[in-house]
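The structure follows.
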2 protein chains.
Amino acid sequence: MDSGHQNVHRQSGVALWRQIADRIRMSIANGEYDATGKVPPEMLLAEQFGVNRHTVRSALQALAQEGIVRAVQGRGTLIERKERLNFPISRRTRFSQGIGEQAREKEGLLLDSARLSASAEIAGRLAIEIGAPVLRLETLRKADRRPVSRSTSWFPAERFAGLIEAYRDSGSITAAFQALGLQDYLRVSTEVTAIHADGADLADLQLSPGAILLVTKALNADSEGVPVQYAVSRFPADMVQFTIEN
Amino acid sequence: MDSGHQNVHRQSGVALWRQIADRIRMSIANGEYDATGKVPPEMLLAEQFGVNRHTVRSALQALAQEGIVRAVQGRGTLIERKERLNFPISRRTRFSQGIGEQAREKEGLLLDSARLSASAEIAGRLAIEIGAPVLRLETLRKADRRPVSRSTSWFPAERFAGLIEAYRDSGSITAAFQALGLQDYLRVSTEVTAIHADGADLADLQLSPGAILLVTKALNADSEGVPVQYAVSRFPADMVQFTIEN
DNA sequence: GTCCATTTGTTCGTATGTATC
DNA sequence: CGATACATACGAACAAATGGA
C-alpha cells in the first residue's frame, strides 16, 4: 500500500491538474471541507495525491477560474461556492419549480429559434410524419445568474405556432404552453447519459473544456398522451444532480 | 464559419485524442455510421476535427483498446460494438431484470464485504441509529463478460445477517433478499450524478483513466417503507444510459 | 492477374505542453 | 525561475493491404 496516494493517473490523456481539480471539486460538493471552509494546504494536497505542489496549484487555479475557490495569501484557499443544484425528475417535472428554493433568481434565455422539417429521429420522438414542420428552440437557463442548463427543444410547429414569441416573453416553457392554451403537460420519459462538454456548450455554460455534462433526453406529452415537446438538455455535472422519487 | 471544424479544445487539460475518442464513441452509439459499419477514414476525421491524422489515430487506438472498433489495413476502421445498455429506473428497478434481453450472460461478483458501524450518512439513509451495525458489500456486475457497474451497498446488519453468503451464492441482491425472507422491495429514490473515474473503479471496470462514470445513489425499502439497502453504483457513461419512465 | 485509388501502418523530425526537482 | 524528462501534437513521406476497374 503506497501510503497516502489517492490514485491520479499519468499518461491517461487527462492532465494531472485536471484530475485533481475534478477530485477537489467533488470533495467540496460532498461537504468534506465544511469544517474549515477551506481546501487543505497545497503541500498537504500534493502529498495526498502524490504530485508536485505546482500541479496542485494548477488545479486550484482552474477552480478559482470557475469561481469555486479563492486563494488568499497567508490564509489558504477559501471555498466560495459549494452548492449542487438538485433536480427532481417525475411525471410533473418542470424546470423552474424543480429549482424551487435552491436559487433566488431564475431566468430562461432564448439563444436561437428555427422552423424546420422533422428529421427521422425527431419525427419518431414526437410521433409525427418525417418532414412535418417543427419548431426548434435553443435555450439557456440560469439560476442566480449562473448558467445551469443548455437545452435544444423541438415542438410540433402547427400546434404551437406562436411559441417562440411566448417563450421569449416569459422565459418559461410552462408559461409559453399556457399562453397557447395548453394548461398541463406530463413527463413521459427521461433518458440520462453523460459526456465530455464540447462545442458551443462550453461557452454557453461557462465551463472549462473537459468538463462533464449530464445529458437528459426528455419527452413531454399533453394529458391525452400526445407528444408536445422533445428536449435534449445539458447540465454541468459538478453543479447538479438528478433525483428520481418513486 | 470555420467550415468543417468540429470544436475540439486545446490546452484544456484533456488531450485532443481523448476528446476525439469520446466524440467518435458517441457517434457510434448514436448510430451515425450504421450505413457503412465503419468509422470515416482517418484523413477525413482529421480534417473534420481540425487535427493531424496522428491525433485521430491515437483516438482510434484507444477505442480499439476498448474493443469498440477494429482497424484493418486497406479496408478501414470497422465498428465492433455499438450497443449502449439501457437501465430503466422505476419503483421496481432491479439490475438483472433491467438488463433483460440486452445481454445473454449476467454475473454479480462479490469483491469485498465487511460488518461495520453506521456512519452518520449511512445511518441517515437507512433510518437507523448512528453506530448501529451494518453490512457493506462491494460488488461488480457484468453483462456478457464486460463490467457494467461497480456498487457499494449498505444493509442493516441485524435484519440481514446471512446476506453476504446469500449474495455470494446467487450473485443477485434480489435472490439474496428472498433467501432471507424478504420477498419484495421497492426503489424509494435515485440520485444521479457524473464524475471522472478514479481509483479502484478504473481497474474494476476496465476503463482507461479519464473515463466518465454515471453515479447513482439508490435507496430501496420493503413494502412497509422500511429501508433495506442503500447503494452507490458507478456505471461507465459510454456504455449505459438510464431511462426514467413516468 | 494488373493497375490504381483508397485506407491503414510506420518512421522520421520538430515544436509545445505537462510535471518534476 | 531554470533544467530535465516525457507526453502530446503536427508535418511529411513512404510502406502495406484492400477492393474494384
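The sequence lines fix the lettering, A, B, ..., with proteins before strands; numbering per chain opens at 1.
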For B/R53 and D/dG11, is the shortest distance between a side-chain N/O and OP1 or OP2 below 4.0 Å?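 Answer is no, no contact under 4.0 Å.
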Could you tell me whether the side chain of B/H54 has a donor or acceptor atom within less than 3.5 Å of a complementary atom in the base of C/dT10? no
Specify the separation, in whole Å, of atom CG of B/L44 and atom P of C/dT6.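 The answer, rounded to whole Å, is 12 Å.
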Nearest to the side chain of A/V51, heavy atoms from C-beta on, is which of C/dT8, D/dA9, C/dT20? C/dT20
Given C/dT20, D/dG11, C/dT7, the nucleotide with the shortest approach to the side chain of A/N52: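 Comparing C/dT20, D/dG11, C/dT7 against the side chain of A/N52, the answer is C/dT20.
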Atom CG of A/L60 and atom P of C/dA19: how far apart are they, to the nearest Å?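 Taking CG of A/L60 and P of C/dA19, I get 14 Å after rounding.
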Identified stems (criterion: three or more consecutive Watson-Crick or G-U pairs, under 3.5 Å), DNA chain D: C:2-21 with D:2-21
Options C/dT8, D/dC10, C/dT20, nucleotide nearest the side-chain atoms of A/T55: C/dT20
Are side-chain heavy atoms of B/T152 and B/R234 found at a separation under 4.5 Å? yes
Can you check whether A/R125 reaches A/P227 side chain to side chain, under 4.5 Å on heavy atoms? no
Spacing between B/E47 atom CD and C/dT7 atom P, to the nearest angstrom: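 Value for this atom pair: 12 Å.
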Which of B/F155, B/W154, B/Y230 passes side chain to side chain contact (heavy atoms under 4.5 Å, CB included) with B/V134? It is B/W154
Atom-pair distance (CG on A/L16; P on C/dG17), nearest Å: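 From A/L16 CG to C/dG17 P: 17 Å.
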CD (A/E32) with more than 12 external heavy atoms under 6.0 Å: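 Atom CD in A/E32 is crowded, with more than 12 foreign heavy atoms closer than 6.0 Å.
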Which sits closer to the 5' end of DNA chain D, B/G74 or B/A15, going by the nucleotide each is nearest to? B/A15
Between D/dA17 (P) and B/E42 (CD): distance, integer Å: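 Interatomic distance, CD of B/E42 to P of D/dA17: 16 Å.
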Between D/dA12 (P) and B/M43 (CE): distance, integer Å: 10 Å
May I have the distance from B/W17 (atom CH2) to C/dT16 (atom P), rounded to whole angstrom?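 Spelled out: CH2 on B/W17 to P on C/dT16 is 23 Å.
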Considering only heavy atoms from C-beta outward, does the side chain of B/L205 approach that of B/L213 to under 4.5 Å?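 Of all side-chain heavy-atom pairs linking B/L213 with B/L205, at least one is under 4.5 Å.
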Check the phosphate of D/dA9 against B/S58, side-chain N and O only, distance under 4.0 Å to OP1 or OP2. Yes or no? no
B/R75 side chain N/O closer than 4.0 Å to the phosphate oxygens (OP1, OP2) of C/dT6?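 Result: no.
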Please examine the side chains of B/F87 and B/T216, heavy atoms only from C-beta on, and report whether any two atoms are closer than 4.5 Å. no
Of the candidate nucleotides D/dA16, C/dA19, D/dC10, which contains the atom at the shortest distance from the side chain of B/Q73? D/dA16
Rounded to the nearest Å, what distance is computed from the CZ atom of residue A/R57 to the C1' atom of nucleotide C/dT20?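 Answer to the nearest Å: 16 Å.
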Should B/Q241 and A/K217 count as side-chain neighbours, where that means a heavy-atom distance under 4.5 Å? no
